[in-house]
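As a basis for the values below, the full set of heavy atoms in this structure was taken, side chains included, without hydrogen atoms, waters or symmetry mates. All residue numbers refer to positions in the sequence shown, counting from 1.
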Amino acid sequence: MQLVGCVSAQTSIRVATFNVSMEADNYRASEASQNQNDPTLLFKHLATGDNQQIKNIAQIIQRVRPDIILLNEFDYSSDPSLGPEAFIKNYLNVSQQGQASIDYPYFYYGPVNTGVASGVDLNNDGKLENSGGDAFGYGRYAGQYGMLLLSRYPIHMQDVRTFQTFLWKDMPDNSLSKIKNTDGSAWYSAEAMEVLRLSSKSHWDIPVDVDGKIVHVLASHPTPPVFDGPENRNGFRNHDEIQFWNDYLSSGEQANYIYDDKGDIGGFSGERFVILGDLNASPDAGDGQRTMMADLLAHPLVSQLSLPTSLGGKESKPDDPNAQYHTAAWGLGVDYVITSKAGFSSLDAGVFWPGENESGKELVADRKSSSDHRMVWRELSLR
């Protein structure tokens with residue numbers, strides 16, 4: 001697969017999303033037994049610059065060369081020098097296997113709900129724990145599976161909107177009442193429903209200034225619609241986390257319920273937007289409730305573009321007609337770059353999944369090579 005460099009930054013940008021699996025548990029098998037539960041493993045590997053899996057991820061980024069990229073499953077720390085700054089300096093700023101280094105002078109890196117104690121027994125196992133299934137978002141430690149936005153263009157930090165603490169119960173027509181035990185009783189206690197947050201990580205609206213034109217990056221990573229029981233609480237939550245973007249982009253009353261972490265009310269008020277992330281849902285397959293993903297792709301403000309493809313995805317499951325659209329090694333298209341109709345023309349798009357005879361196939365040979373997800377990118381002309 002051949003990828004050309006970005007054309008003039010005056011008129012076009014390449015935008016990408018990549019679930020990089022850069023969280024501490026990803027590195028546990030390579031550690032001595034006494035370090036297996038260390039929640040700072042990612043940061044230790046970022047400091048060295050010599051972890052091969054992370055070097056391969058950096059090489060993929062250097063090959064595709066996005067101007068703006070969302071990384072899902074990048075552990076959060078309140079000290080950015082441990083996470084984004086170390087990754088940029090020790091991996092991205094260093095040529096990987098002859099690829100040109102790349103720099104991101106701007107980034108957004110914020111707290112997430114994973115591993116943050118709720119104070120309530122959310123998984124109904126009779127025990128109250130400070131992490132895991134009783135956290136606002138599943139995580140063994142606070143900040144696990146976090147998010148990071150890297151940008152070659154300035155970010156209007158004062159105008160960033162985050163929705164980490166938005167309560168699920170405050171979404172109209174939410175799915176909480178549908179989550180039931182087998183006897184028909186409510187799965188969540190009244191106490192749990194009062195405190196449970198909608199976002200399993202966070203939802204972000206990040207304004208990026210591209211030569212004076214604002215591009216709003218709408219970033220999230222909804223919970224996977226599995227790892228639960230017959231009550232399907234994760235499936236319903238995934239649905240509502242994606243529904244949030246449908247509502248956010250809608251005008252009038254449909255978005256008036258929304259409040260951000262600063263207390264500001266209402267939905268989207270810009271022109272250009274790009275929805276990025278591993279949404280853990282597909283409109284045509286998988287365990288999720290597919291209608292909300294189809295609805296988001298068909299939203300009146302969303303450009304009706306064909307999903308990006310790859311030869312590697314097609315070859316991975318030759319009998320599946322949708323395999324060319326897959327973005328995860330386990331066989332679904334769940335990672336998205338969704339653009340607004342307003343303000344953009346699409347020039348090109350792709351999934352970094354080289355075919356058998358294409359350069360870079362070793363970077364996605366297996367789970368340990370880089371990630372079980374593939375980078376999705378789209379090149380856009382601003383107008």
Side-chain angles (χ1 to χ4, degrees), residues 13 15-17 66-72 74 76 84 104 106-114 136-137 146-168 170-171 197-210 212-223 240-279 292-293 295-297 299-303 335-344 378 380 382:
I13 55 172
V15 183
T17 189
D67 297 294
I68 300 169
I69 180 171
L70 175 70
L71 305 182
N72 286 133
F74 189 106
Y76 174 74
Y104 290 98
Y106 310 100
F107 61 82
Y108 185 80
Y109 187 51
V112 291
N113 284 325
T114 38
F136 284 121
M147 305 193 297
L148 167 63
L149 185 79
L150 301 175
S151 176
R152 297 172 69 181
Y153 293 94
I155 295 170
H156 287 196
M157 299 295 286
Q158 72 278 9
D159 296 325
V160 171
R161 298 187 72 189
T162 64
F163 303 90
Q164 181 191 4
T165 61
F166 178 86
L167 296 177
W168 193 353
D170 291 338
M171 169 183 269
R197 299 172 181 178
L198 171 66
S199 185
S200 53
K201 285 85 177 175
S202 190
H203 286 64
W204 295 341
D205 178 345
I206 305 170
V208 180
D209 189 330
V210 181
K213 297 178 180 179
I214 301 301
V215 175
H216 288 262
V217 175
L218 307 183
S220 64
H221 183 194
T223 193
D240 284 6
E241 287 194 70
I242 296 172
Q243 181 62 43
F244 178 89
W245 287 135
N246 270 300
D247 292 349
Y248 189 68
L249 294 175
S250 300
S251 59
E253 294 185 3
Q254 191 168 342
N256 285 345
Y257 73 86
I258 294 172
Y259 54 86
D260 61 29
D261 293 329
K262 296 177 183 177
D264 293 332
I265 305 295
F268 182 68
S269 59
E271 179 186 4
R272 297 174 195 84
F273 63 83
V274 181
I275 301 172
L276 300 181
D278 171 6
L279 301 188
M292 82 295 174
M293 195 63 241
D295 288 346
L296 182 59
L297 292 170
H299 192 283
L301 298 186
V302 166
S303 184
D335 305 89
Y336 295 90
V337 178
I338 302 171
T339 67
S340 60
K341 287 180 180 176
F344 292 125
R378 191 175 291 277
L380 302 165
L382 276 70

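A heavy-atom distance below 4.5 Å is found between the side chains of N246 and H299. The shortest side-chain heavy-atom distance between V302 and T339 does not fall under the 4.5 Å cut-off. Using a 4.5 Å cut-off on side-chain heavy atoms (C-beta onward), D278 and T17 make no contact. Residues Y109 and F74 are in side-chain contact: their nearest non-hydrogen atoms beyond the backbone lie under 4.5 Å apart. A heavy-atom distance below 4.5 Å is found between the side chains of D247 and M171. R197 is listed as a side-chain neighbour of T165, based on a closest heavy-atom distance under 4.5 Å. In this structure the side chain of L249 reaches within 4.5 angstrom of the side chain of L218, judged on heavy atoms. Residues I242 and M293 are in side-chain contact: their nearest non-hydrogen atoms beyond the backbone lie under 4.5 Å apart.
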Q.
Walk me through whether V274 and V215 qualify under side chain to side chain contact (heavy atoms under 4.5 Å, CB included).
A. CA-CA 7 Å; V274 181; V215 175; 4.0 Å; yes
Q. How far apart are the C-alpha atoms of L71 and M147, what are their side-chain angles, what is the distance that settles it, and do they pass the side chain to side chain contact (heavy atoms under 4.5 Å, CB included) test?
A. CA-CA 6 Å; L71 305 182; M147 305 193 297; over 6 Å; no
Q) Passes side chain to side chain donor-acceptor pair (under 3.5 Å), S199 versus N113? Steps please. A) CA-CA 7 Å; S199 185; N113 284 325; 4.7 Å; no
Q: Starting from the C-alpha separation in whole Å, work towards a yes-or-no answer on ring pair (Phe, Tyr, Trp, His ring centres under 6.0 Å) for F273 and F344.
A: CA-CA 9 Å; F273 63 83; F344 292 125; 8.2 Å; no
Q | Verdict with reasoning, T162 to Y108, per side chain to side chain contact (heavy atoms under 4.5 Å, CB included) | A | CA-CA 11 Å; T162 64; Y108 185 80; 3.3 Å; yes
Q. So V15 and L380, side chain to side chain contact (heavy atoms under 4.5 Å, CB included) or not? Walk me through it.
A. CA-CA 8 Å; V15 183; L380 302 165; 4.2 Å; yes
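Checking side-chain atoms of R272 against main-chain N and O of G343 turns up a donor-acceptor pair under 3.5 Å. Of the possible donor and acceptor atoms, none in the side chain of S200 sits under 3.5 Å from a partner among the backbone N and O of G137. Here the side chain of D240 pairs no donor or acceptor atom with the backbone of Q243 at under 3.5 angstrom. K201 contributes a side-chain N or O that, together with a main-chain N or O of H221, makes up a donor-acceptor pair within less than 3.5 Å.
Classified by interplanar angle (parallel below 30°, tilted 30° to 60°, perpendicular above 60°), the ring pair Y257/F166 is tilted.
Evaluation of the side chain to side chain contact (heavy atoms under 4.5 Å, CB included) rule for P111 yields Y76, Q164 as partners, not counting sequence neighbours. Looking at residues two or more places apart in sequence or on another chain, you find no side chain to side chain donor-acceptor pair (under 3.5 Å) involving S340.
Here the shortest heavy-atom pairing between N256 and I265 reads O-CG2, 3.3 Å. In plain terms, the two heavy atoms of S151 and I68 that are nearest each other are OG-CG1, 3.9 Å.
Between the CG atom in D264 and the OG atom in S269 there is a gap of 10.0 Å [rounded to 0.5 Å]. Taken to the nearest 0.5 Å, the CZ atom of F107 stands 8.0 Å off from the CE atom of M157. Taken to the nearest 0.5 Å, the CD atom of E241 stands 9.5 Å off from the OG atom of S202. One finds the CD1 atom of I275 at 13.0 Å from the NE2 atom of H216 (value rounded to the nearest 0.5 Å). With rounding to the nearest 0.5 angstrom, the CD1 atom of I155 is 5.0 Å from the CG atom of L149. Distance check, rounded to the nearest 0.5 Å: CD1 of I214 to CG of D159 gives 8.0 Å.
Ionic pairing of D260 and R161 is present here: one or more N-O contacts between side-chain nitrogen and carboxylate oxygen are shorter than 4.0 angstrom.
Defined by atom type and a distance below 3.5 Å, a donor-acceptor pair is missing between the side-chain atoms of S220 and W204.
Ring centroids of Y248 and F163 are separated by less than 6.0 Å, placing the two rings close together. Aromatic rings of Y153 and Y106 (six-membered ring for Trp) have centroids beyond the 6.0 Å cut-off, not under it.
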